[in-house]
> 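Here it is, the structure in full.
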Protein chains: 2
Amino acid sequence: MPTLEDVAKKAGVSTATVSKVLSNTPYFTEATRLKVLQAVKDVGYVPNLAARALSSGRTQIIAVVFPHVYDPIFSDPRVLVVLEGIDAECRQRGYNLLLSTPRVVEGELDENYLQLIQSGYMDGVIALDHVPFAAVLEPVVNKGIAAVSIGGMARYSVNSDHYSGGRLLAQHLLELGHRNIGLIAVPEHINVGTDELMRGIRAGLRAGGLELDCLPQAVGDYSIDSGAACAATLLEQHPELTALLCLNDRMAMGALQQAHRLGRRVPADLSITGYDDIPAAASTIPPLTTVNQQSLTAGHEAARMLFDILDGQTPESKVIPVELVVRGSSGPAGGQ
Amino acid sequence: MPTLEDVAKKAGVSTATVSKVLSNTPYFTEATRLKVLQAVKDVGYVPNLAARALSSGRTQIIAVVFPHVYDPIFSDPRVLVVLEGIDAECRQRGYNLLLSTPRVVEGELDENYLQLIQSGYMDGVIALDHVPFAAVLEPVVNKGIAAVSIGGMARYSVNSDHYSGGRLLAQHLLELGHRNIGLIAVPEHINVGTDELMRGIRAGLRAGGLELDCLPQAVGDYSIDSGAACAATLLEQHPELTALLCLNDRMAMGALQQAHRLGRRVPADLSITGYDDIPAAASTIPPLTTVNQQSLTAGHEAARMLFDILDGQTPESKVIPVELVVRGSSGPAGGQ
DNA sequence: AAACGATAGTTAAACGCTTAACTTTCAGCC
DNA sequence: GGCTGAAAGTTAAGCGTTTAACTATCGTTT
């Protein structure tokens with residue numbers, strides 16, 4: 001592989017000049033610039049990133065961290081979308097993406113991850129940090145590396161406005177006339193975002209005169225199967241229910257399936273709503289009413305924020321508006 | 001950050017000794033080993049990966065390449081599953097994952113990607129290389145970097161047995177008594193795997209006395225919407241159809257939706273099959289009969305193969321068996 | 001007792017780049 | 001014509017590892 005020195009020789013200048021030309025440091029003539037660029041082409045020079053990293057202390061790598069805890073991250077369809085947003089911003093700036101999926105057992109981060117953080121191998125970190133007890137970013141911040149959290153609480157973070165999402169959803173069902181609403185929830189404090197969502201739902205219901213804690217609830221684990229199981233339980237114990245409010249789309253899909261099995265027509269007999277607007281939500285039968293939390297935007301914003309920090313700025317944390325997506329799975333209470 | 005030298009000083013040995021102890025090179029006493037290890041702990045030493053990479057020429061990074069072409073890679077649910085398999089193998093061996101999504105326009109790879117490959121920043125590459133005209137691995141192989149392809153044709157590759165998948169699917173429909181089968185396809189030669197799949201379907205149909213080319217076909221683009229559109233066209237022009245064979249799950253989901261709209265009961269009036277067994281396939285209504293192509297296994301196998309190559313071996317390319325998953329969307333022709 | 005081979009550790013060069021500090025050149029000015 | 005200061009390059013010192021080549025020690029063998 002040709003090195004800087006080869007280029008320098010070919011161009012008849014010093015390696016320092018070549019380096020400066022390539023990094024656009026001022027103070028050299030146009031003639032030199034062209035000479036160097038030509039030489040780069042002639043010898044087929046490509047910078048060695050490891051050498052550059054060692055010398056400059058910057059790697060042009062940013063790590064995306066998906067803690068592997070509770071719900072296996074790889075089964076979360078949002079991940080890929082967030083990643084897409086991040087990737088778009090990074091490629092634009094010539095940064096590369098390193099993927100890390102640290103294990104978190106009993107609140108302890110795995111050793112490899114800690115080492116990676118310490119290794120000086122990345123300029124910044126973006127974490128899908130939705131788990132309150134997995135403070136994935138703590139070692140990063142301690143090390144003084146730029147860090148942005150998506151869906152978590154940190155100095156710099158990007159969050160979807162789950163509170164509003166919850167309110168919108170509750171309001172939507174209330175407007176359709178539903179008073180007998182069942183909730184398919186998850187354990188408390190599993191996820192910061194979900195807690196916010198619950199707060200929003202509570203507020204929305206209260207605005208319509210309903211008290212969340214008085215509604216029938218079943219606790220699932222975000223999975224499709226748990227949604228089906230919860231729906232079965234709720235509908236058996238509370239046949240009067242006309243709506244099921246599910247805290248994510250996958251559980252809603254499970255509920256939809258279960259309703260179908262039980263012969264409940266959706267939305268005529270039973271309205272079902274989800275949360276997330278995963279791709280599949282648009283093509284269930286009937287399509288799912290849900291809330292789109294704009295994961296793509298979140299990815300973009302998080303990356304932009306990170307680059308702002310790297311530029312020495314101190315950006316504000318962002319809250320991303322969500323959007324109620326009304327589809328066929330919700331309808332008027334007591335509909336024909 | 002403490003360096004090797006700090007450790008060496010603390011332990012009262014040379015940096016070379018420290019380095020060797022840490023890399024388990026033979027020839028040092030247990031006493032020295034302990035002394036060094038203790039010193040490492042005392043000063044909180046973590047190796048600098050950039051320096052290690054520069055010096056040793058190995059980075060402990062392997063790149064996963066998802067060419068961004070035709071169907072945006074980020075909308076393919078398989079990606080995440082493959083990634084999970086690769087990740088598991090890599091973390092076991094202390095390797096890190098770099099994500100690259102090169103753009104491919106008119107058969108040309110983007111410049112950044114080429115640079116990345118040349119930059120010496122990775123020890124190996126795994127490509128989701130299903131696009132024949134995007135020879136993403138070519139520059140990698142030329143550079144002499146270990147490379148494994150998933151779903152492509154390369155010296156080392158991992159492929160699902162789509163041919164058998166196609167046969168199984170065709171056979172399944174034939175056994176259910178279907179003779180009027182419509183095909184929801186995609187343009188030819190878009191994807192090596194899909195071409196194989198078509199070959200399998202053709203063979204399976206032929207074994208039952210049907211000729212693929214005589215069946216009604218509509219051409220989609222893998223998306224849910226295109227599946228719905230194709231189904232609409234086919235069912236209108238060929239109301240006699242009792243089965244729709246779709247080349248992927250997403251198009252099958254679209255077809256399912258469309259059948260529902262048209263009032264065709266599935267599977268009583270119309271059987272629909274998919275391909276891929278994406279997570280959502282299990283929870284459509286009715287659940288989708290499809291073929292699971294074992295993407296997780298593919299990820300695992302590809303990574304293992306890559307590490308074998310890095311170990312100096314010359315592994316055989318693998319074909320991964322697929323599995324027909326019969327669910328509720330397919331039933332006897334002319335069912336009640 | 002000399003020679004030898006294994007074992008245990010050291011020295012120092014190399015990896016390819018960046019960058020602070022320095023030198024040279026030259027236009028502009030009094 | 002000498003001085004100044006900006007512009008254009010160069011020199012060389014790192015960055016933190018790895019590793020080939022070397023030295024030193026010590027227990028065996030002849």
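Any value given below was found using the heavy atoms of this structure, including those in side chains, with hydrogens, waters and symmetry copies removed. Just so we're clear, the structure is a prediction, and the values are computed from it rather than from any experiment. We name chains A, B, ... by the order of the sequence lines, and we start the count at 1 in each one.
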> With heavy atoms under 4.0 Å as the rule, sort T17(B) into base, sugar-phosphate or nothing.
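The residue T17(B) makes base contact.
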> Can you tell me which nucleotide in dT10(D), dT18(D), dG14(D) comes closest to the side chain of S55(A)?
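Selected nucleotide: dG14(D).
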> Look at the side-chain N and O atoms of R58(A) and state whether any lies under 4.0 Å from the OP1 or OP2 oxygen of dT19(C).
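Answer is yes, contact under 4.0 Å.
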> Return the minimal non-hydrogen interatomic distance between I62(A) and C90(A), and the atom names on each side.
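Heavy atoms only, the tightest pair is CG1-SG, 3.8 Å.
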> Residues from residues 110-125 of chain B sitting under 4.0 Å of DNA chain D, heavy atoms only?
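Under 4.0 Å from DNA chain D: no residue of residues 110-125 of chain B.
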> Considering residues, nucleotides and ligands other than Q115(B), do more than 12 of their heavy atoms fall under 6.0 Å from its CD?
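It does: Q115(B) CD has more than 12 such atoms within range.
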> What nucleic acid atoms does T32(A) come within less than 4.0 Å of, heavy atoms only: base, sugar-phosphate, or nothing?
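It contacts sugar-phosphate atoms only.
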> How is T3(B) classified with respect to the nucleic acid when contacts are heavy atoms under 4.0 Å: base, sugar-phosphate, or nothing?
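Touches sugar-phosphate only.
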> Atom CG of L34(B) to atom P of dA8(C): distance rounded to whole Å?
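Value for this atom pair: 14 Å.
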> Nearest whole angstrom, please: distance from the C1' of dT10(D) to the CZ of F28(A).
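Going from CZ in F28(A) over to C1' in dT10(D) covers 15 Å.
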> Take atom CD of E5(B) and atom P of dT17(D), then tell me their distance rounded to the nearest Å.
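The answer, rounded to whole Å, is 10 Å.
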> If you only use heavy atoms from C-beta on, which nucleotide in dG9(C), dG16(D), dT10(D) is closest to the side chain of K20(B)?
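Ranking dG9(C), dG16(D), dT10(D) by closest atom to the K20(B) side chain puts dG9(C) first.
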> How many whole angstroms separate atom CG of L54(A) from atom P of dG16(C)?
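Roughly 12 Å, once rounded to whole Å.
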> Can you tell me if E108(B) has over 12 outside heavy atoms packed within less than 6.0 Å of its CD?
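Counting neighbours around CD of E108(B), 12 or fewer heavy atoms of other residues, nucleotides or ligands fall under 6.0 Å, so no.
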> Quick one: E30(B) CD to dT7(C) C1', roughly how many Å, whole number?
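That distance rounds to 15 Å.
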> Of the options dT17(D), dG16(C), dT11(D), whose atoms approach the side-chain atoms of S14(A) most closely?
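Of the candidates, dT11(D) comes closest.
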> Just say parallel, tilted or perpendicular for the rings of Y121(B) and Y121(A), cut-offs at 30° and 60°.
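Taking Y121(A) first and then Y121(B), their aromatic rings sit tilted (interplane angle of 30° to 60°).
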> What's the CG-C1' distance between D6(A) and dC17(C), to the nearest Å?
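Rounded to whole Å, this separation is 13 Å.
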> How would you label the contact of R33(A) with the nucleic acid (heavy atoms, under 4.0 Å): base, sugar-phosphate, or nothing?
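R33(A): no heavy atom of the nucleic acid under 4.0 Å.
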> Could you check if a side-chain atom of L296(B) sits within less than 4.5 angstrom of a side-chain atom of E84(B), using non-hydrogen atoms only?
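The answer is yes; the side chains approach within 4.5 Å.
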> With sequence neighbours excluded, what pairs up with T297(B) under the side-chain hydrogen bond (donor to acceptor under 3.5 Å, both in side chains) test?
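Listed in chain order: nothing, the list is empty.
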> Over how many whole Å does the gap from N48(A) atom CG to dC15(D) atom P extend?
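Result: 18 Å.
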> Does a donor on one side chain and an acceptor on the other come within less than 3.5 Å for R155(B) and S157(B)?
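Note: R155(B) and S157(B) side chains miss the donor-acceptor criterion.
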> So does T29(A) get a side-chain nitrogen or oxygen closer than 4.0 Å to the phosphate oxygens (OP1/OP2) of dG9(D)?
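Yes, because at least one side-chain N or O of T29(A) sits under 4.0 Å from OP1 or OP2 of dG9(D).
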> Does Q313(A), at its CD atom, have more than 12 non-hydrogen atoms belonging to other residues, nucleotides or ligands within less than 6.0 Å?
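Enclosed.
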> Expressed as a whole number of angstroms, how long is the span from L4(A):CG to dA12(D):P?
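After rounding, the reported distance stands at 17 Å.
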> Please determine whether a side-chain nitrogen or oxygen atom of R52(A) lies at a distance below 4.0 Å from atom OP1 or OP2 of dT19(C).
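Result: no.
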